[in-house]
Amino acid sequence: MTKIIIVGGVAGGATAATRLRRLDERAEIILFEKGEHISFANCGLPYYIGEAIDDRAKLLTQKPQNLRDRYNLDVRVNNEVLAINREAKMVLARDLLSGREYSESYDKIILAPGASPFVPPMKGVSSAGVFTLRTVPDADRIKEFVKANNSKTATIVGAGFIGLELAENLSLLGLTVNVLQRADRVLPILDPEMVPTIHACLRQHGVNLFLRNSVAEITQASGRLELKLEDQTTLLTDILVLAVGVRPDSLIAKNAGLKINARGGIIVDQNQRTSDENIYAVGDAIETLDYLTKNPAMLPLAAPAQKQARVAADHICGLKSQYAGALGTSILKIFEMTVGLTGHNEEAVDALGLDYDKAYLLATNYATYYPEASPMWLKVLFEKKTARLLGAQIVGHAGVDKRLDVLSVALKANLPANALGGLDLAYAPPYSMAKDPINQVGLMIENLLTGFVQQFHWTEVDKLPQDGTAILLDVRGEDEFAKGHLPGFQNLPLKKLRSELGQLDPAKPVYINCEAGLRSYVAARILKQNSFKAFYLSGGYRLYAQIKNDQ
């Protein structure tokens, strides 16, 4: 009989334990969890704080007794594994309620210790009213503090996923919310041009953004917290939540002599084995694989943790199972908006040294004639030579999740970017269009790869020649042009272009702009067929203007 010890519950540990039991009815499986909850929905914690989830019990996805009864597991909550003796194949554990220490032998171990919130070094960080959010008790403490102190103002340090989810939910409770972010934008994992509409949404809902800034010092001030910021300004707040990322809880692995990377991630192979063949590791504490590059990556996400846990359990039980890596597919609700990404952003692609391009599309979630159609921006990165998809980002409202999942599947299936245009996707007016946004962006990429049309990007607008050596055309209507236009561009509405071609010099390159790219694409085709060298602005004036206005 095989004896397997699992260190840590939640997504990785609990998944591994139940998979092991389904594969091996006779194995002895002991699941240690130092907290009081063996499996809980930590992704739901901000929504519990904001009362979208009104029943705390709904967060507890598996209770210890349920696991004992259904899977015959030895579940030990409030028990912490302190050390691993690899030579003796023993672990040292402590019952945190009684203080008793004891040892257990093992044949195999699965480490799923997770990660802990990073607390930046700053004066006053241990003050009452300063919190992090990782567990159900963390959420309880935040809820209780807000209620007991009748908190009116909350400040969040960090504008990643957890920080923005907290900002939304605390705002919905009626608090005035400040968000501090050291980068120049929220969600730095997104490319800069995809963020302005998110900034606008947050501000419209009363969230105050303090970008390129953070907290330098915390002091108590008449029952509130006084925050001295890095730019020397001060903020008063009732509660401060630190949401600046996590660090792997890998000390037990390090002390056991297992291989650890520079960021503290436990190094594993594709079977989830560590440098000890009898010890496996899964979840937030490990170094995993980037699916696209097969390079090492740190991706503390629940979905990869569950997949890794299944692979580890399978391998222990003799199945040929390997983890192929993660795309980092993620999605986020921000008030009425939805933000999604999969694969790489431009910074990551640049670092790989690839020759790539990008396509922008402003589309609606379904047919524009159907009530309440809403806009979404899609950005898709692809390699020029191979048409390989590299990454995608979507910012919009309804329907973002559907398109994100299609793009994630396309990336995982190694589908060429130009093949998106031919996908057979569901259509009815309440759900999509006959030519879905995914189809549209695929056709755009097809046009670019074949040279049917050429484009330029918003980063190049301010570098265009203004000395008459190029023709800069805005093909929108006169009213649209009058409301705002690109520097140096002259207005020639699309409907007049054919009749006025004779006034344009075919020896000069033509750079064309419209509102979102469609009319300028049509204009580029007209010009190209009349011996002009024409380029259209990807994303159009709308994309350029929202970036400049945000800056």
Might you confirm whether atom [atom1] of [X] has over 12 heavy atoms from other residues, nucleotides or ligands at distances under 6.0 Å?
X	atom1	value
Tyr431	OH	no
Lys533	NZ	no
Lys333	NZ	yes
Lys294	NZ	yes
Arg263	CZ	no
Glu347	CD	no
Asp231	CG	yes
Arg388	CZ	yes

Separation between [atom1] of [X] and [atom2] of [Y], rounded to the nearest 0.5 Å:
X	Y	atom1	atom2	answer
Leu492	Glu500	CG	CD	5.0 Å
Leu362	Lys379	CG	NZ	15.0 Å
Phe161	Ser330	CZ	OG	4.5 Å
Ile547	Thr459	CD1	OG1	8.5 Å
Asp290	Leu299	CG	CG	7.0 Å
Leu190	Glu346	CG	CD	12.0 Å

Just wondering, do [Y] and [X] contact through their side chains at under 4.5 Å, heavy atoms?
X	Y	result
Trp377	Ile394	no
Asp355	Lys385	no
Arg403	Ser432	yes
Arg476	Asn513	yes
Val125	Met122	yes
Val510	Phe535	no
Val177	Thr153	no
Arg182	Asn213	no

Of the options Leu242, Thr132, Val244, which is the one that meets Phe118 in a side-chain contact (heavy atoms from CB on, under 4.5 Å)? Val244
Please determine which of Leu389, Leu443, Leu425, Asp436 meets the side-chain contact (heavy atoms from CB on, under 4.5 Å) test together with Leu420. Leu389
Apply the test side chain to side chain donor-acceptor pair (under 3.5 Å) to residues Ser538 and His457: give CA-CA distance (whole Å), side-chain angles for both, the deciding distance (0.1 Å), then the verdict. CA-CA 5 Å; Ser538 59; His457 297 296; 2.5 Å; yes
Look at the side chain of Glu480 and the backbone N and O of Gly477, then say whether any donor-acceptor pair between them is shorter than 3.5 Å. yes
Will you find, in the side chains of [X] and [Y], an N or O donor that is under 3.5 Å from an N or O acceptor?
X	Y	value
Glu336	His205	yes
Asp269	Gln322	no
Gln393	Asp191	yes
Asn439	Tyr427	no
Glu193	Tyr360	yes

Derivation and outcome, side chain to side chain donor-acceptor pair (under 3.5 Å), residues Glu383 and Thr386: CA-CA 6 Å; Glu383 192 171 20; Thr386 64; 2.8 Å; yes
Between Tyr511 and Leu473, does the side chain to side chain contact (heavy atoms under 4.5 Å, CB included) criterion hold? Intermediate values first, please. CA-CA 6 Å; Tyr511 295 90; Leu473 289 184; over 6 Å; no
Pair Asp184-Leu211, side chain to side chain contact (heavy atoms under 4.5 Å, CB included): steps then yes or no: CA-CA 5 Å; Asp184 62 355; Leu211 305 176; 5.6 Å; no
Answer yes when Lys412 and Asp405 have at least one side-chain N-carboxylate O distance shorter than 4.0 Å, and no when they do not. no
Ring center gap for Phe481 and His485 short of 6.0 angstrom: yes
Report the C-alpha distance between Tyr356 and Phe382 in whole Å, list the side-chain angles of each, state the deciding distance to 0.1 Å, and finish with yes or no for ring-ring contact (aromatic ring centres under 6.0 Å, His included). CA-CA 6 Å; Tyr356 71 98; Phe382 59 95; 8.5 Å; no
Testing the basics here: between Pro188 and Asn345, what is the closest heavy-atom pair and its distance to 0.1 Å? O-ND2, 4.5 Å
One pair to check against side chain to side chain contact (heavy atoms under 4.5 Å, CB included): Leu332 and Glu165. What are the steps and the verdict? CA-CA 8 Å; Leu332 172 66; Glu165 287 171 344; 3.3 Å; yes
